[in-house]
Amino acid sequence: MSGRALDWSLAIAGGVLLTLMTQANAVLAGHTDALYASWAAHGLGAVVASILVLAIARRAPAAAPGEREDRAPLWYYLGGIPGALVVVLSAIAVNSELALAGTIALMLTGQILFGTVSDHLGLLHTPRRRVTPMDLAVAGCVLAGSLLIVLGGA
C-alpha cells in the first residue's frame, strides 16, 4: 500500500474509531454519568495502551550503551487532562440535542483549529509553518459544516 493510500486508510479508520468510542462513551454516560463514563474510557484506554507498549517493547531493538534516550518533557503528560474534559463534554453533548453528529462536528473543528495553531507555533516539536489561505479555507469549511449540523438540528 502506498504512503498516500495508507494515510487515507488510517484517517478513515481513526474517524470510525472515534465515532465508535464516542458512541460507546455516550451510552455508558446515559446509564451512569459523564464523569464515570470518562473514567471508564480512560481506564480502558490505559489498559490497551499498556498492552501495546509491552508488545512493541518486546520487538524493539535494545539501545546501545552509549546512546542517549530523549525523554518527553513532563508537561506533555498533562495532555490527558483536556482529553478527559473532552470525553466528559462529548458524553454530555451526545446525550443532548446535539447528538452524535453535532458532537463529532465540534470535535473535528477543535482538532483542525488546534492543528493549525500547533503548526503555526511549532508546538510539540513540530516544524513551524505559516498559516496559508488553504488552511483557513479548510478550517472555514469544516466550521461552516459543523454550524450547519449543530444549528440545523441534524
Side-chain angles (χ1 to χ4, degrees), residues 1-26 29 34-35 37-57 59-61 63 67-94 96 98-154:
M1 183 178 277
S2 71
R4 189 112 169 117
L6 180 63
D7 289 346
W8 276 97
S9 299
L10 289 174
I12 290 170
V16 168
L17 184 61
L18 175 65
T19 304
L20 292 173
M21 289 171 36
T22 302
Q23 183 65 31
N25 189 37
L35 189 61
S38 176
W39 275 105
H42 282 85
L44 181 61
V47 169
V48 171
S50 298
I51 291 170
L52 288 174
V53 165
L54 291 173
I56 291 172
R59 292 184 177 192
E67 286 186 24
R68 180 178 159 235
E69 279 190 36
D70 288 332
R71 293 194 171 257
L74 291 177
W75 68 270
Y76 278 23
Y77 295 99
L78 295 176
I81 294 170
L85 293 175
V86 166
V87 171
V88 169
L89 291 176
S90 70
I92 293 169
V94 168
S96 71
L98 287 179
L100 185 60
T103 303
I104 291 173
L106 293 174
M107 286 180 184
L108 281 173
T109 303
Q111 286 178 341
I112 288 174
L113 293 175
F114 178 77
T116 303
V117 169
S118 294
D119 287 348
H120 179 70
L121 298 176
L123 296 178
L124 303 175
H125 300 293
T126 59
R128 284 182 172 216
R129 69 178 193 85
R130 294 182 141 217
V131 176
T132 64
M134 182 60 81
D135 294 332
L136 296 176
V138 167
C141 287
V142 172
L143 183 58
S146 298
L147 286 174
L148 286 174
I149 290 172
V150 171
L151 299 177

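Starting from 1, each residue takes its place in the sequence as its number. Since this is a predicted model, take the numbers as computed values, not measurements.
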Which heavy atom of Val88 sits nearest to which heavy atom of Ala34, and what is that distance?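 For Val88 and Ala34, the tightest heavy-atom pair comes out as O-CB, 3.8 Å.
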Which residue pairs pass the salt bridge (charged side-chain N to carboxylate O under 4.0 Å, His left out) test with at least one member in residues 81-94, sequence neighbours excluded?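 Every candidate salt bridge (charged side-chain N to carboxylate O under 4.0 Å, His left out) pair involving residues 81-94 fails, so no pair, neighbours aside, qualifies.
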Taking atom [atom1] of [X] and atom [atom2] of [Y], what is their separation to the nearest 0.5 Å?
{"X": "Leu44", "Y": "Trp39", "atom1": "CG", "atom2": "CH2", "value": "14.5 Å"}
{"X": "Arg128", "Y": "His120", "atom1": "CZ", "atom2": "NE2", "value": "7.5 Å"}
{"X": "Leu108", "Y": "Leu143", "atom1": "CG", "atom2": "CG", "value": "11.5 Å"}

What pairs with Asp135 under salt bridge (Lys or Arg N to Asp or Glu O under 4.0 Å), at least two apart in sequence or on another chain?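 So Asp135 forms a salt bridge (Lys or Arg N to Asp or Glu O under 4.0 Å) with Arg129.
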With Leu17 via side-chain contact (heavy atoms from CB on, under 4.5 Å) - residues at least two apart: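 Testing Leu17 for side-chain contact (heavy atoms from CB on, under 4.5 Å), a comparison that skips the adjacent residues, returns Met21.
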Less than 4.5 Å apart, side chain to side chain, heavy atoms only: is that true for Leu136 and Val131?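 When only atoms from C-beta onward are counted, Val131 and Leu136 do touch, with a gap below 4.5 Å.
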Using modelled atom types and a 3.5 Å cut-off, is there a donor and acceptor pairing between side-chain atoms of Thr116 and backbone atoms of Ile112?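 Confirmed, Thr116 side chain pairs with Ile112 backbone.
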